[in-house]
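Below is one structure; the comments refer to it alone.
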Amino acid sequence: MSSTIRVAVIGARGRMGSEAVRAVEAAGDMELVAAVDTGDRLEALAEARTEVAVDLTHPDAVMGNLEYCVRNGIHGVVGTTGWTEERLGTLRGWLEQAPGTGVLVAPNFGIGAVLTMHFAQQAARFFESVEVVELHHPNKADAPSGTAVRTAQLIAQARDRAGCAPQPDATTTALEGARGADVEGVPVHAVRLRGLVAHQEVLFGDEGEILTIRHDSMNRGSFMPGVLLGIRRIGSAPGLTFGLENFMDLDG
Ligand SMILES: NC(=O)C1=CN([C@@H]2O[C@H](COP(=O)(O)OP(=O)(O)OC[C@H]3O[C@@H](n4cnc5c(N)ncnc54)[C@H](O)[C@@H]3O)[C@@H](O)[C@H]2O)C=CC1
Ligand SMILES: O=C(O)C1=N[C@H](C(=O)O)C[C@H](O)C1
């Protein structure tokens, strides 16, 4: 890499993309060399000799953008949601053909959100019941949030490792959806409300006690330290990195 990192933002006119443009422009060790959105040519990235592309677009768009980046040896820092095992497998396949190129897929760039997932994993085996509630602005592209799905998966894996029994739930649901979505046995509920940005509660319960882990992103500036960390680190992390925690020393 050169002394300043040459960065492009894809989805540059969106809520997150416009914030990322400002953050990159303000970072002394980065240079914004391309800012593209719907209707712009992706070729602008290679023409501008982009080293790292930040994708903050839409689940329908992200795979095409990443295929272009990886095939052109451009590292990716991805906040866009919509990740499935199948998509991750496809991305790994592209990366195998591009040795030295790295992509970070971060379900959440918020440091507090990453810590929420970490703490939730630690708590998971100590409580009989657990539910995840995510709360977002009503313009959000998808539900449940990528963060909530990841949180529930990590909790389920931790409980599985500890040999926990499935959580009891004797409820009969009169209306479909009343108990939320089932992510590997963990109920996940999505609230969409004007005035909200991005919030999540993980509720653990057992006889006589409740533990609630709550994180609030009050504005999109909250995600930018994580975006910049990803840009700084991805050039020395070839292959697929899933989760910003891989670039943080959580036990330090
Ligand atoms: N990982 C994280 O920490 C965060 C992730 N997100 C995710 O980032 C994504 C974007 O969120 P917002 O900024 O709120 O959405 P938004 O709708 O405000 O912005 C998306 C932008 O991408 C553009 N776009 C769509 N398709 C494109 C394409 N093919 N090429 C170039 N640009 C394209 C749109 O025109 C729009 O300007 C969502 O998937 C959201 O869930 C949002 C906040 C934090
Ligand atoms: O669309 C959003 O706003 C957010 N999307 C991400 C997600 O789905 O987890 C991250 C954060 O929750 C904000």
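First listed ligand is number 1; within each ligand, the first listed atom is number 1. Keep in mind that the numbers below use all heavy atoms, side chains included, and drop hydrogens, waters and symmetry copies. Because the structure is a prediction, the values reported are computed rather than measured.
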Which is it for [X] and ligand 1 at heavy atoms under 4.0 Å: side chain, backbone, both or neither?
| X | answer |
| --- | --- |
| Ser145 | neither |
| Asp37 | both |
| Phe223 | side chain |

Check each heavy atom of [X] against ligand 2 and say whether those closer than 4.0 Å belong to the side chain, the backbone, both or neither.
| X | result |
| --- | --- |
| His136 | side chain |
| Ala148 | neither |
| His137 | side chain |
| Ser145 | both |
| Thr81 | side chain |

Quickly, which of Arg192, His189, Lys140 forms a side chain to side chain donor-acceptor pair (under 3.5 Å) with Glu134? Name it, please.
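It is Arg192, the one option of Arg192, His189, Lys140 that forms the side chain to side chain donor-acceptor pair (under 3.5 Å) with Glu134.
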Give, for atom OH of Tyr68 and atom CD of Glu43, the distance between the pair rounded to the nearest 0.5 Å.
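Reported to 0.5 Å precision, the distance equals 5.5 Å.
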With respect to Lys140, determine whether any N or O atom, backbone or side chain, lies less than 3.5 Å from an N or O atom of ligand 2.
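N/O-N/O distance below 3.5 Å exists for this pair.
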Geometric N/O contact Val197 with ligand 2, under 3.5 angstrom
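Not met; the criterion fails.
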Between [options], which one has a non-hydrogen atom sitting closest to [atom]?
| atom | options | answer |
| --- | --- | --- |
| atom 10 (C) of ligand 1 | Asn65, Thr57, Thr80 | Thr57 |
| atom 43 (C) of ligand 1 | Met16, Arg13, Glu19 | Met16 |
| atom 1 (N) of ligand 1 | Ala113, Gly110, Ala106 | Ala106 |

Under 3.5 Å, is there a donor-acceptor pair linking the side chains of Thr241 and Asn246?
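No - no donor-acceptor pair under 3.5 Å links their side chains.
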So, 4.0 Å and heavy atoms of Pro107: is ligand 1 close enough to count as a contact?
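The answer is yes: ligand 1 sits under 4.0 Å from a heavy atom of Pro107.
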Sidechain N-carboxylate O distance under 4.0 Å for Arg13, Asp40:
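Between Asp40 and Arg13 there is a salt bridge, with a charged N closer than 4.0 Å to a carboxylate O.
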Ionic contact status for Glu67 with Arg71, cut-off 4.0 Å
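So Arg71 pairs with Glu67 through a salt bridge.
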Give the C-alpha distance, both sets of side-chain angles, the deciding distance and a yes or no for salt bridge (Lys or Arg N to Asp or Glu O under 4.0 Å) between Arg22 and Glu25.
CA-CA 5 Å; Arg22 280 193 290 279; Glu25 283 177 333; over 6 Å; no
Are any of the side-chain heavy atoms of Thr57 and Ile10 separated by less than 4.5 Å?
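With C-beta onward as the side chain, the pair touches.
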